[in-house]
Amino acid sequence: MTTNGLNIIYRERDVKNIHELKVYTKHGGYEGLKKALGMKPAEVIDVVKASNLRGRGGAGFPTGLKWSFIPQSEPVKYVVVNADESETGTFKDRQIMENNPHQLIEGALIAAWAIQATAVYIYLRGEFWDVAHALDKHIEEAEKAGFAGENIAGSGWSCKVYTHLGAGAYICGEETALLESLEGKLGQPRVRPPFPAQKGGGLYAEPTVVNNVETLANVPWIIVNGADEYKKIGTDKSSGTKVFCLSGHVNKPGNYELPFGITFRELIFEHGGGVTNGKKVKAILPSGGSGPIIEATDEVLDTPLSYEGLSKFGSILGSASVIIMDEDTDIAWVASRVTKFFKHESCGKCTPCREGTYWLDKVLDRVMAGEAEQRDVDLISNVAHNMQGTTLCAFGDFAANPAISTIKNFPDDFKKHLKA
Amino acid sequence: MLAEKYAAQIEKILAKYPDKRSAVMPLLYISQEEYGHITDEGIVEVAAIIGEDPTAVKSVAGFYTMYSKQPKGTYWLQVCTDLPCALKGADQFYADLKDYLEITDDGGTSPDGLFTVEHVMCLAACDKAPMLQCNFHYVENLDMEKMKAHLAEWRAEAAGSKTPKKKA
């Protein structure tokens, strides 16, 4: 797979069997952790801050800043790795954990050192059953070699790493729902404040950093090579590489690790082998099911991809789960399919989301059955707009996005289904 | 009794967390493995191990989709029909699979009791569509021809009374 020659995350593409500890350490593995342990925790945070690393789970929040919110006065603190990977069209973290697991473990331990955490929990979606069991073995190996657990790399500092399996709930990718789930409760978002970084808001009410798998996998490279080197990759505001999960109507779907600033056109045609059956690309979901859909105009196709780049089209990069739809795709059907996902996954805590997704689905079914009129389409927009900004977590906004953005950007696709 | 039969495994699980309640999800998996699905008996046992009320355990079991509330076939096939898979023909694949196994309802079980087939939400394998999970193990890049070969293999495995790879 072409990656412009730079694999920070998917190092298995350059080094065979890097999932094995001996191969990983032979190629610089755990050097970042050793280096970090020779630095003061605050210095580690400064380097990550200076690198401009931003959260790869979708929100793009500055990672170093997040770490700096942890109050050092508290004796018990946690790092929680968000490996719930459930966004429609996202499949990047699984590949990291399967093929380069030690880099995640190393990154998580550097984070743990930076905030002086007492333990790391890796929360994987329940379907990653095999991944979690393999990861357990890698953690055990790292412990035996002195890179995790007691007295890490002879530093006198100890930190255990554990995996925890979810059991099938998209909402557990939301950080406070994830913490609830890890505490053995229903995965439902919490009221904030307090935020996870604050006393009372994190895991077992202790200050907690929650980071995505891909985010943490960047950290060892940054510590070894420095913030300045990292900032040379990508755009001004979005540093580093990003894994683009390419799926849908493309010839070569897959994970592409590329610097921020590449375009959809490069991604789809140079890396993804073009659209299937030589068709034209009609629409793109840049951020899985949860980000607004956009029309694949030339301007869109040629826009550099970054956290800041897609806002002018009313969309977001999110986790960069890029779903491609060809010219024959019925966008009303897309709205219906993605809305069914959100209806199924709404945790039921907030009324606008629980009821709203139900009604959106019901009226979209009416559209797809050819029984709707224009006022039904207007009703969909109305319901969706009333969900936004009214729920405890971002799910309510995400769930409304497919309906709002499809009707706005592809009105003709709905008109085709209406009663005469 | 789970507490005796899985004593070593349970001890290891409890040691991971400062609060026993966190063990509810891993323990529910053990209970599901033992009894084939989530049963009242299993709920009561899990509750006793973590010192919680059975109602709290039942609510957790009810919230998460990977805890099955009714018996399944020996092989539980969960086919992803979410958008990226659907764009690659997952709906047709799902329909064909059900037809082939003579299953009419979503979540139904084949007449021989071997296969339960249901459609599920995104399984994070969108580049390998159509795909499914069989007893939580990924089976990817499928078409009906490949699927028939897998089914034959699993039938043979079950007929040989070799214990099929299960949910824990």
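To find a chain, count down the sequence lines: A is the first, B the second, and so on, and within it residues start at 1. Quick note: numbers below take in every heavy atom, side chains included, and nothing from hydrogens, waters or symmetry partners.
- For A:Thr329, the part lying under 4.5 angstrom from a heavy atom of chain B is the side chain only.
- Counting heavy atoms from C-beta on, the side chains of A:Arg125 and B:Leu123 come closer than 4.5 Å.
- Only the backbone of A:Thr90 comes within contact range of chain B, with at least one heavy atom under 4.5 Å from a heavy atom of that chain.
- By the 4.5 Å heavy-atom criterion applied to side chains, A:Ser247 and B:Lys88 are not counted as neighbours.
- Checked by atom type and distance alone, the side chain of B:Tyr64 pairs as donor or acceptor with a backbone atom of A:Gly187 at under 3.5 Å.
- Panel note: side chain B:Gln133, backbone A:Glu127; a donor-acceptor pair is recorded below 3.5 Å.
- Contacts between A:Lys185 and chain B at a heavy-atom distance below 4.5 Å involve backbone atoms as well as side-chain atoms.
- Residues B:Met66 and A:Leu165 are not in side-chain contact: their nearest non-hydrogen atoms beyond the backbone lie 4.5 Å or more apart.
- For A:Val250, the part sitting under 4.5 Å from any heavy atom of chain B is the backbone (N, CA, C, O) and nothing else.
- Note on B:Lys16, B:Gln78, B:Lys20, B:Met25: by heavy-atom pairs under 4.5 Å with chain A, the leading option is B:Lys16.
- Contacts between A:Tyr78 and chain B at a heavy-atom distance below 4.5 Å involve the side chain alone, from C-beta outward.
- The six-membered or imidazole ring of A:Trp129 lies near that of B:Tyr29, with a centre-to-centre distance under 6.0 Å.
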Going through the distances and angles, do A:Met325 and B:Leu87 end up as a side chain to side chain contact (heavy atoms under 4.5 Å, CB included)?
CA-CA 8 Å; A:Met325 287 149 278; B:Leu87 291 170; 3.8 Å; yes

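- Salt bridge A:Glu140/B:Lys12: absent, no basic N to carboxylate O contact under 4.0 Å.
- Using a 4.5 Å cut-off on side-chain heavy atoms (C-beta onward), B:Cys122 and A:Glu87 make no contact.
- For A:Thr118, no part lies under 4.5 angstrom from a heavy atom of chain B.
- Between the side chain of A:Arg337 and the backbone N or O of B:Thr81 there is at least one donor-acceptor pair closer than 3.5 Å.
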Test log, rule side chain to side chain donor-acceptor pair (under 3.5 Å), inputs A:Tyr121 and B:Ser22:
CA-CA 12 Å; A:Tyr121 287 95; B:Ser22 285; over 6 Å; no

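- Of the atoms belonging to A:Leu285, it is side-chain heavy atoms, and not backbone ones, that fall under 4.5 Å from chain B.
- Contact annotation: the side chain of A:Ile171 approaches that of B:Phe63 to within less than 4.5 Å [non-hydrogen atoms, C-beta and beyond].
- Residue A:Leu186 touches chain B through both its backbone and its side chain, counting heavy-atom pairs closer than 4.5 Å.
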Run A:Lys92 and B:Asp127 through salt bridge (Lys or Arg N to Asp or Glu O under 4.0 Å) and show every step you take.
CA-CA 10 Å; A:Lys92 63 190 177 65; B:Asp127 55 337; over 6 Å; no

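- Proximity to chain B is absent for every atom of A:Cys245, based on heavy atoms less than 4.5 angstrom apart.
- For the pair B:Arg21 and A:Tyr204, the cation-pi test (distance below 6.0 Å, angle within 45°) is failed.
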